[in-house]
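Have a look at the structure below before the remarks.
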Amino acid sequence: ILKDSIRIGTKEKSTFRDGWDISWHHLKCYCEFETLEELEGWEFLRWKDQIKISELIEQSIEESEEQLARKKYTNQLWQLKDQLIDINSKILREMVEANGIEVHKATPERITHKAADGMLYGQVGRCPVCKNRTLKFNSFKYICFGWISEYTRCKWSGIDAKRYKWIIPENCKKISFLNKWKSPNNHPTEIFVECNTPTNNLSLSLSLAVSSSSLSPSLSLSNISLNNGYPHKKEMYGMIICVAGSSKELGK
């Protein structure tokens with residue numbers, strides 16, 4: 001399959017490990033789908049590629065106001081992505097993370113996509129329901145991938161979400177293109193300020209039965225709560241680890 005050509009991947013049970021492998025096919029060799037929506041990630045393709053796939057499966061994309069807005073967004077995004085493609089992915093990762101976007105397991109392509117989206121339209125704020133920064137924009141609406149509680153996923157989605165000014169760290173400005181970058185006129189100017197108050201009603205539950213009297217005053221159970229306002233790359237900040245049992249029982 002040639003580089004930059006459209007390919008379709010299918011998940012198949014791996015014969016070498018416990019998990020799944022992806023088998024790639026030419027577009028014309030694999031048309032076992034009826035709509036674009038059946039393809040994961042189709043909305044991140046170039047607009048001309050989306051049109052090409054839709055014509056192949058005879059699914060017309062109407063020239064509605066919504067589709068024209070998607071076309072404009074997609075073309076602007078890819079125009080910038082083509083300019084970012086030569087920048088080291090570590091630099092783009094640093095810039096994206098500085099804007100509050102988690103990209104721990106993201107591919108270089110997805111990091112470039114998030115960087116281009118933010119540079120053009122600003123960093124996405126909190127979900128209006130779960131209050132977490134877990135919103136993703138898929139070219140026509142925002143979808144939340146956060147949690148309302150320990151057991152309940154947030155299912156909010158909508159066409160509008162608060163956006164904030166995109167920040168380019170000083171270290172990233174060593175790259176000439178990023179240093180000279182000027183945001184569009186309609187780019188948001190408000191700067192997102194991370195607060196250190198809990199963003200949801202999650203509470204830390206201890207699986208071990210520990211009496212509150214065994215904890216120091218500063219670690220009383222009433223003071224324990226989950227907080228999404230942890231410092232960058234310090235996910236264990238504020239975590240309390242309790243060991244139940246005496247030193248004798250622990251063999252010390």
For Phe137, ring-ring contact (aromatic ring centres under 6.0 Å, His included) partners two or more places apart = Tyr73, Tyr142
All side-chain contact (heavy atoms from CB on, under 4.5 Å) counterparts of Ser89, not counting sequence neighbours = Pro108
Sequence-distant partners of Glu109, salt bridge (charged side-chain N to carboxylate O under 4.0 Å, His left out), two or more places apart | none
Heavy-atom side-chain contact between Leu92 and Val103 under 4.5 Å | no
Partners meeting salt bridge (charged side-chain N to carboxylate O under 4.0 Å, His left out) with Lys173 (sequence neighbours left out) = Glu170
Would you give the length of the straight line joining atom CD1 of Ile111 to atom CG of Leu84, rounded to the nearest 0.5 angstrom?
-> 12.0 Å
Results of side-chain contact (heavy atoms from CB on, under 4.5 Å) for Arg46 - residues two or more places apart only | Lys48, Asp49, Trp78, Asp82
Closest approach of Thr74 and Leu45, non-hydrogen atoms and distance?
-> CG2-O, 3.4 Å
Not counting sequence neighbours, which residues clear salt bridge (charged side-chain N to carboxylate O under 4.0 Å, His left out) with Glu65? List them please.
-> none
Without swapping roles, check the side chain of Gln123 against the backbone of Tyr164 for a donor-acceptor pair under 3.5 Å.
-> no
Partner set under side-chain hydrogen bond (donor to acceptor under 3.5 Å, both in side chains) for Asn171, not counting sequence neighbours = Glu94, Lys174
Listed once per pair and sorted, the ring pair (Phe, Tyr, Trp, His ring centres under 6.0 Å) pairs that draw on residues 94-116, sequence neighbours left out = Phe44-His113
Rounding to 0.5 Å, atoms CH2 (Trp181) and CD1 (Ile175) come to a distance of 15.5 Å
Cys130 versus Trp156: any side-chain heavy-atom pair under 4.5 Å?
-> no
Which ILVMFWY residues can you reach from Phe145 by hopping between side chains whose heavy atoms are under 4.5 Å apart?
-> Ile143
Under the side-chain contact (heavy atoms from CB on, under 4.5 Å) test, residues paired with Lys105 that sit two or more places apart | none
What residues, two or more places apart in sequence or in another chain, satisfy side-chain contact (heavy atoms from CB on, under 4.5 Å) together with Lys72?
-> Gln76
Heavy-atom pair of closest approach, residues Gly122 and His187 = N-CE1, 3.2 Å
Check salt bridge (charged side-chain N to carboxylate O under 4.0 Å, His left out) between Lys162 and all other residues, then give those that pass, not counting sequence neighbours.
-> Glu190
